[in-house]
Number of protein chains: 2
Amino acid sequence: MPLPKLKEIEGSAELEQMIEKAREASDMLKALSHESRLLLLCILAEGEKSVTELEQFLGERQSTVSQQLARLRLDRLVTTRRDGKTIYYSLANEDVRKILTAIYDVFCEPVRRRRR
Amino acid sequence: MPLPKLKEIEGSAELEQMIEKAREASDMLKALSHESRLLLLCILAEGEKSVTELEQFLGERQSTVSQQLARLRLDRLVTTRRDGKTIYYSLANEDVRKILTAIYDVFCEPVRRRRR
DNA sequence: ATTACATATACGAATTTAATGATATAAACC
DNA sequence: GGTTTATATCATTAAATTCGTATATGTAAT
């Protein structure tokens with residue numbers, strides 16, 4: 001889907017598709033656009049973690065973290081694996097990692113490089 | 001800011017900074033995570049557009065679009081230029097474009113390449 | 001089978017966000 | 001000055017999100 005020119009697009013089937021894609025993307029972004037959930041994903045980018053580890057990291061209540069994780073699961077940003085009583089979370093796919101990397105480059109890299 | 005290991009980070013100044021960055025990023029993502037606003041930004045990625053053009057494209061009410069644009073202005077994702085009665089909007093900086101490009105790659109490119 | 005531990009879910013209250021209709025500002029034109 | 005055009009803001013309401021408390025589920029250990 002190339003970014004089409006305004007003139008070409010109005011009322012076209014491409015517009016419909018573009019709107020559909022925007023809806024999908026905004027759904028994913030809604031899941032991302034929350035301070036704690038974004039932090040959770042950043043930590044998971046490092047590798048899989050248990051819920052307890054994530055709770056300790058965020059310093060938030062168990063039910064709060066669990067609900068945030070549930071949201072990330074529903075929007076398919078993370079997947080889980082059970083080992084005994086413990087459930088390990090990790091990023092669901094490379095798409096999530098791509099978006100996170102872009103966010104990371106914009107918001108975090110400048111710090112490291114002493115720019116900004 | 002490298003993604004630090006969990007062990008290294010707890011209670012550290014880096015954690016504080018990481019949280020601050022997450023807050024900044026999630027603020028920007030909140031502005032992005034709205035179907036119409038995302039579409040507006042995609043259109044603006046093509047080049048500057050007047051409010052009227054944007055309204056026509058989205059097919060939404062004038063006040064609705066204007067408020068969405070106001071939100072994007074407040075979060076510094078777009079800038080404006082006045083020419084007579086007309087106000088032209090465009091993307092505010094390369095950071096916005098980077099994030100948009102990543103979203104575009106994930107959600108729109110697969111269509112073009114006949115994948116997915 | 002009871003208990004403890006790790007995690008998930010249900011429900012309600014408080015807050016935030018979005019859309020609408022109405023009104024305001026600012027420039028251009030007569 | 002009065003009107004039209006382009007855009008912005010305000011106020012209200014409706015809807016969605018978030019977080020807290022409480023409770024439930026699943027696994028393991030005793």
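Heavy-atom basis, side chains included; hydrogens, waters and symmetry copies ignored. Naming: A, B, ... by sequence-line order, numbering from 1 per chain.
Regarding contacts with the backbone of D:dT7, every side-chain N or O of B:R82 stays at 4.0 angstrom or more from both OP1 and OP2. Applying the 4.0 Å criterion to OP1 and OP2 of D:dT9, one finds that B:R73 has a side-chain N or O inside that range. A:Y89 has a side-chain polar atom (N or O) that falls below the 4.0 Å cut-off from OP1 or OP2 of C:dA8. Taking side-chain N and O atoms only, B:R71 has no distance below 4.0 Å to OP1 or OP2 of D:dA8. Within the structure, every side-chain polar atom (N or O) of A:H34 is placed at least 4.0 Å from both OP1 and OP2 of C:dT16. The phosphate of C:dC5 (OP1 or OP2) has no side-chain N or O of A:T86 nearer than 4.0 angstrom. In this model, the phosphate group of D:dT21 is approached by a side-chain N or O of A:R61 to a distance below 4.0 Å at OP1 or OP2.
Side-chain atoms of A:E60 stay outside donor-acceptor range of the base of D:dG20, with no qualifying N/O pair under 3.5 Å. Contact annotation: side chain of A:Q62 to base of C:dA6, donor-acceptor pair absent below 3.5 Å.
Within 4.0 Å (heavy atoms only), A:Y88 reaches no atom of the nucleic acid at all. Nucleic acid contact class of A:S66 (heavy atoms, under 4.0 Å, all strands): base.
Rounded to an integer number of Å, the gap from CG of B:L40 to C1' of C:dA18 is 14 Å. As rounded to whole Å, 11 Å separates atom C1' of C:dA8 from atom CD of A:E55. When the C1' atom of C:dA28 is taken as reference, atom CD1 of B:I87 falls 14 Å away, rounded to whole Å. Straight-line distance from the NZ atom of B:K85 to the P atom of D:dT4: 12 Å, rounded to whole Å. We find that CD of B:E35 is positioned 15 Å from C1' of D:dA16, with the value rounded to whole Å.
Between A:S33 and A:S63, the residue whose closest nucleotide on DNA chain D is further toward the 5' end is A:S33.
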